[in-house]
Amino acid sequence: MKTFTEKVLDIVRGIPKGKTLTYAEVALQAGNPGAVRAVGSIMKKNYDPTVPCHRVIRANGTVGEYNRGGSEAKARLLRFEREN
DNA sequence: TAGTTGACCGGAA
DNA sequence: ATTCCGGCCAACT
């Protein structure tokens, strides 16, 4: 049984290129459907480059925030990956 | 141990 | 359509 954090990181790590998951979806797959805030906290503190956190967006479709270049870089990365 | 914070969400005004 | 409020869970101090 891994910790919630580990699970979240693992899930995000498994997001295929060109695909985007919402924080709610990640929390759901991690086993805590209502822990979307916790997911955000975890992502913020975790700087692991093996975790494509830029593929995690809000439930309403907006990109949300990003610790590595801001929401702009995040949105542009997503668009690039999606077009490819 | 307890209180505060946050890359959120959904409903209400 | 936009703005405000409460709730939810893990990490941080």
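Chain A is the first sequence line, chain B the second, and so forth, proteins listed ahead of strands; every chain is numbered from 1. Reckoned from all heavy atoms, side chains included, excluding hydrogens, waters and symmetry mates.
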note = The answer to which of A:Lys45 and A:Ala35 contacts DNA chain C further toward the 5' end, by nearest nucleotide, is A:Ala35
task = Would you indicate what A:Thr3 reaches in the nucleic acid, counting non-hydrogen atoms under 4.0 angstrom: base, sugar-phosphate, or nothing?
result = nothing
ask   = If you group Ile, Leu, Val, Met, Phe, Trp and Tyr by side-chain heavy-atom gaps below 4.5 Å, do A:Leu9 and A:Val26 land in one group?
value = yes
query = Can you tell if the side chain of A:Lys17 reaches within under 4.5 Å of the side chain of A:Asn84, non-hydrogen atoms only?
reply = yes
request  = Name the first nucleotide and the last nucleotide along DNA chain C (5' to 3') that come under 4.0 Å of a heavy atom in chain A.
outcome  = C:dG7 to C:dC12
query = What is the distance, rounded to the nearest whole Å, between atom CG of A:Asn60 and atom P of B:dG10?
reply = 8 Å
request  = Identify the two heavy atoms, one from A:Phe4 and one from A:Ala38, that lie closest to each other, and give their separation to 0.1 Å.
outcome  = CE2-CB, 4.0 Å
message = Does A:Lys19, at its NZ atom, have more than 12 non-hydrogen atoms belonging to other residues, nucleotides or ligands within less than 6.0 Å?
response = no
inquiry  = Once salt bridge (Lys or Arg N to Asp or Glu O under 4.0 Å) is applied, what residue pairs with a partner in residues 27-55 of chain A remain, sequence neighbours excluded?
reply    = A:Arg55-A:Glu81
key: Chi angles and distances behind the side-chain contact (heavy atoms from CB on, under 4.5 Å) call for A:Val51, A:Asn46   = CA-CA 9 Å; A:Val51 179; A:Asn46 188 73; 4.1 Å; yes
request  = Indicate, with a heavy-atom threshold strictly under 4.0 Å, whether A:Asn67 touches base, sugar-phosphate, or nothing.
outcome  = base
Residue-phosphate contact under 4.0 Å: A:Arg58 side-chain N/O, B:dC8 OP1/OP2 = yes
task = For residues A:Gln29 and A:Leu21, determine if any side-chain heavy atom of one lies less than 4.5 Å from a side-chain heavy atom of the other.
result = yes
query = Over how many whole Å does the gap from A:Ile42 atom CD1 to B:dA7 atom C1' extend?
reply = 11 Å
task = Please report, rounded to the nearest Å, how far the C1' atom of B:dG6 is from the CZ atom of A:Phe4.
result = 14 Å
inquiry  = From CG of A:Leu9 over to C1' of B:dA7, roughly how many Å is that when rounded to an integer?
reply    = 13 Å
query = Within the distance-only criterion (no hydrogens, no angle test), does the side chain of A:Lys74 pair as donor or acceptor with the backbone N or O of A:Val63 below 3.5 angstrom?
reply = yes
key: Residue A:Tyr23, side-chain atoms from C-beta onward, closest of B:dG6, B:dG10, B:dA7   = B:dA7
request  = Identify the heavy atoms of A:Ala73 and A:Gly69 that sit nearest to each other, and give their distance.
outcome  = CB-O, 3.6 Å
query = Mind pulling the stems DNA chain B is in, i.e. runs of at least three Watson-Crick or G-U pairs, everything under 3.5 Å?
reply = B:2-6 with C:9-13, B:8-13 with C:2-7
key: Interatomic distance, A:Leu21 CG vs B:dC8 C1' [rounded to whole Å]   = 15 Å
